[in-house]
2 protein chains.
Amino acid sequence: MQLGNVTKRSKTETKRTYDDACGLAHALDLVGERWAMLILRELAYGGRRFSGLRKDLPGISANVLTQRLAELEERGLVRKSRLPPPASVQVYEATDWALEVTPLIGRLGKWAARSPRHDPTLPLSHASIMMSMQVMIDPERAGDLSGRFGFRFGEVSYVAELSDGEIAVERGPLINCDVRFSGTPEEVAGVIYGGAPLDTLHPEGDLELAGRYVAIFPLPEKAA
Amino acid sequence: MQLGNVTKRSKTETKRTYDDACGLAHALDLVGERWAMLILRELAYGGRRFSGLRKDLPGISANVLTQRLAELEERGLVRKSRLPPPASVQVYEATDWALEVTPLIGRLGKWAARSPRHDPTLPLSHASIMMSMQVMIDPERAGDLSGRFGFRFGEVSYVAELSDGEIAVERGPLINCDVRFSGTPEEVAGVIYGGAPLDTLHPEGDLELAGRYVAIFPLPEKAA
DNA sequence: CCGTATCCAATAAGATACTG
DNA sequence: CAGTATCTTATTGGATACGG
């Protein structure tokens with residue numbers, strides 16, 4: 001039997017690799033397996049628990065999530081860590097190196113959103129919609145608009161800090177925000193991309209600023 | 001049986017899709033399957049024949065290549081086309097939309113080349129090394145260096161046009177080149193990344209320019 | 001030579017039940 | 001909650017045979 005590009009790694013684990021020095025091939029060896037990039041997307045703004053990942057990755061099964069996390073950890077992209085007491089729960093977090101690839105996966109997403117087949121009515125995770133804002137913002141429309149915009153999705157909240165036509169995102173409490181929105185990720189998408197009324201997101205704070213913020217995200221024109 | 005995210009597309013073909021509105025998930029539905037991005041890499045600089053693709057994708061089998069090309073065509077990323085006579089052969093080429101994703105693919109490769117596991121001694125295709133130059137160039141080192149640099153890999157040749165710290169690549173005859181190199185893709189990598197002697201590539205033309213060109217590609221520093 | 005189609009073996013992914 | 005274990009299904013790869 002010829003092994004070809006099947007590399008034996010241990011008695012029980014084998015792995016298909018591309019025998020190719022091209023960096024892209026290696027990228028796919030690292031994060032090209034099913035679910036891997038979506039896991040990194042979910043880890044882009046901080047550590048997450050197993051169950052949270054499972055909830056926000058529609059359709060992943062526990063064994064596959066376990067396996068992906070173990071592989072990503074072995075490859076130096078994910079690290080297990082324990083939150084300080086009183087939480088003391090274990091979370092998975094992306095390493096610095098893995099965080100460098102998240103802007104690229106965001107741009108992959110922007111590219112694909114132009115597909116005629118893209119269905120924006122499917123469910124959306126909170127990490128997805130935050131990353132979407134970072135990548136879809138039109139710096140021209142944003143102009144010199146700036147501020148701190150809070151988003152509350154149930155238990156989880158994020159702050160998007162806008163300045164110079166760019167958005168920095170962090171997960172965490174809504175402190176010092178000029179505007180606070182709340183709703184589901186899908187509702188946020190409906191307002192910023194679908195023209196749904198601003199009230200959907202129950203804005204609090206500077207409502208005029210809120211209205212200007214939600215208008216800086218153009219819908220991508222479909223490709224072919 | 002529950003179908004979950006397995007979508008029936010026809011009697012014989014089923015397809016796993018991510019039920020996720022995130023653009024990234026859709027990107028992976030489009031080009032996330034094994035070999036798909038590598039095929040787009042090979043098509044980045046012009047149409048290729050089936051056998052050429054097969055040769056430059058080490059380990060792909062004919063049936064998988066056939067299937068990927070058919071899927072990519074159906075999704076609007078690849079088109080079959082016939083070269084004008086007297087060649088009259090059929091080639092597969094990337095659509096304009098697909099060509100927009102190739103720079104992202106290149107940057108994914110650049111990111112992954114920083115992996116400690118990356119093995120640069122594996123085989124390399126001519127498209128890979130050309131894309132690698134586009135993405136690995138250091139604009140600082142390049143300064144205001146400019147020129148047309150030809151690369152001959154056996155039957156196939158490319159021109160890399162350098163100006164303003166950027167490289168435009170096209171496949172085709174070596175006309176109007178300031179320098180012409182020839183060798184294998186691996187030899188080119190050895191010279192520009194591994195510090196192998198310039199002579200390896202049998203440079204012709206402006207040899208001083210040749211020496212300056214091969215010095216503008218820094219080796220990526222390893223992450224972790 | 002340029003692909004396609006078919007068959008088979010090996011992996012990877014998914015569903016579900018179950019344990020600490 | 002955080003995973004394992006087990007079983008089933010789907011995809012991939014390799015060989016080979018076939019049609020233009």
Side-chain angles (χ1 to χ4, degrees), chain A residues 1-20 28-29 31-39 47-73 78 80-83 87-92 155, chain B residues 1-20 25 28-29 32-39 47-73 78 80-83 87-92 155:
Chain A
M1 176 197 175
Q2 204 214 313
L3 280 176
N5 54 5
V6 176
T7 307
K8 270 229 144 44
R9 293 152 71 85
S10 78
K11 217 147 351 187
T12 52
E13 187 193 0
T14 62
K15 168 92 181 58
R16 278 184 197 154
T17 63
Y18 298 103
D19 288 333
D20 191 327
L28 296 172
D29 284 337
V31 298
E33 286 152 300
R34 197 165 159 74
W35 298 109
M37 291 196 207
L38 297 180
I39 291 171
R48 303 284 313 268
R49 304 182 63 171
F50 189 93
S51 52
L53 289 172
R54 202 177 168 188
K55 182 153 55 70
D56 286 334
L57 294 169
I60 198 171
S61 54
N63 50 2
V64 173
L65 179 54
T66 300
Q67 192 184 329
R68 280 301 158 275
L69 288 169
E71 288 163 358
L72 292 173
E73 186 178 8
V78 161
K80 278 186 196 177
S81 123
R82 191 161 290 278
L83 253 42
S88 283
V89 294
Q90 180 189 271
V91 294
Y92 295 89
E155 305 287 279
Chain B
M1 174 197 175
Q2 202 213 310
L3 280 176
N5 53 6
V6 176
T7 307
K8 271 228 146 42
R9 291 153 72 86
S10 77
K11 218 147 346 181
T12 51
E13 186 193 2
T14 62
K15 167 93 181 57
R16 283 183 234 259
T17 63
Y18 299 101
D19 288 332
D20 191 326
L28 296 172
D29 284 337
E33 285 151 303
R34 198 165 159 73
W35 299 107
M37 291 195 207
L38 298 180
I39 291 171
R48 304 284 312 270
R49 305 184 63 170
F50 189 92
S51 52
L53 290 172
R54 201 176 168 189
K55 182 154 55 68
D56 287 333
L57 295 169
I60 197 171
S61 54
N63 49 4
V64 173
L65 180 53
T66 300
Q67 192 182 328
R68 277 305 158 275
L69 287 169
E71 288 163 359
L72 291 173
E73 185 178 8
V78 162
K80 279 186 197 177
S81 122
R82 191 162 290 278
L83 252 43
S88 283
V89 294
Q90 182 187 268
V91 293
Y92 296 89
E155 304 287 278

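Residue numbers begin at 1 in each chain, while the letters A, B, ... track the order of the sequences.
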Whole angstrom is fine here: how far is it from [atom1] in [X] over to [atom2] in [N]?
{"X": "B:Asp19", "N": "C:dA13", "atom1": "CG", "atom2": "C1'", "result": "15 Å"}
{"X": "B:Leu28", "N": "D:dT11", "atom1": "CG", "atom2": "C1'", "result": "17 Å"}
{"X": "A:Asp29", "N": "D:dT12", "atom1": "CG", "atom2": "P", "result": "15 Å"}
{"X": "B:Ile60", "N": "D:dA15", "atom1": "CD1", "atom2": "C1'", "result": "16 Å"}
{"X": "B:Leu65", "N": "C:dC2", "atom1": "CG", "atom2": "P", "result": "13 Å"}
{"X": "B:Ile39", "N": "C:dG3", "atom1": "CD1", "atom2": "P", "result": "13 Å"}
{"X": "B:Glu33", "N": "D:dA10", "atom1": "CD", "atom2": "P", "result": "15 Å"}
{"X": "B:Lys55", "N": "C:dC1", "atom1": "NZ", "atom2": "C1'", "result": "14 Å"}

> So, for B:Ala25 and B:Asp20, which heavy atoms are closest and what is the spacing to 0.1 Å?
Replying inline: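 Residues B:Ala25 and B:Asp20, closest heavy atoms: CB-CB, 3.5 Å.
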
>> I need the minimum non-hydrogen distance between B:Arg16 and B:Asp29, along with the two atoms involved.
In response: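 B:Arg16 and B:Asp29 have their closest heavy atoms at O-OD1, 4.0 Å.
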
May I ask you to test the [X]-[Y] pair for a side-chain heavy-atom distance under 4.5 Å?
{"X": "A:Leu38", "Y": "A:Asp56", "result": "no"}
{"X": "A:Thr66", "Y": "A:Phe50", "result": "yes"}
{"X": "B:Val91", "Y": "B:Arg49", "result": "yes"}

So, is [X] close to the [N] phosphate, meaning a side-chain N or O under 4.0 Å from OP1 or OP2?
{"X": "A:Trp35", "N": "C:dA12", "result": "no"}
{"X": "A:Arg34", "N": "D:dT11", "result": "no"}
{"X": "A:Arg68", "N": "C:dA13", "result": "yes"}

> Just how far is it from atom CD of A:Glu73 to atom CG of A:Leu69, taken to the nearest 0.5 Å?
Replying inline: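 One gets 8.5 Å once the value is rounded to the nearest 0.5 Å.
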
> Which value, rounded to the nearest 0.5 Å, describes the distance between A:Glu33 atom CD and B:Leu28 atom CG?
Replying inline: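 Between atom CD of A:Glu33 and atom CG of B:Leu28 there are 12.5 Å.
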
> Is a donor on one side and an acceptor on the other found under 3.5 Å between the side chain of B:Arg68 and the backbone of B:Arg34?
Replying inline: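 Yes: the side chain of B:Arg68 pairs with the backbone of B:Arg34.
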
>> Donor-acceptor check, side chain of B:Tyr18 to backbone of A:Leu57, threshold 3.5 angstrom: yes or no?
In response: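 A pair under 3.5 Å: no.
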
> Of the candidate nucleotides D:dT12, C:dG14, C:dA13, which contains the atom at the shortest distance from the side chain of B:Gln67?
Replying inline: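 So the side chain of B:Gln67 is nearest to D:dT12.
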
When you compare the protein's N or O atoms with those of nucleotides 1-5 of chain D, which come within less than 3.5 Å of each other, and at what distance?
unit_1 : atom_1 : unit_2  : atom_2 : d
D:dC1  : O3'    : A:Arg49 : NH2    : 2.8
D:dA2  : OP1    : A:Arg49 : NE     : 2.6
D:dA2  : OP1    : A:Arg49 : NH2    : 2.5
D:dA2  : OP2    : A:Ser51 : N      : 3.1
D:dA2  : OP2    : A:Ser51 : OG     : 2.5
D:dG3  : OP1    : A:Tyr92 : OH     : 3.4
D:dG3  : OP2    : A:Gln90 : NE2    : 3.0
D:dG3  : OP2    : A:Tyr92 : OH     : 2.8

> For the helix from C:dC1-D:dG20 to C:dG20-D:dC1, what angle lies between the axis at the first five pairs and the axis at the last five pairs, to 10 degrees?
Replying inline: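 Terminal axis comparison yields 30°.
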
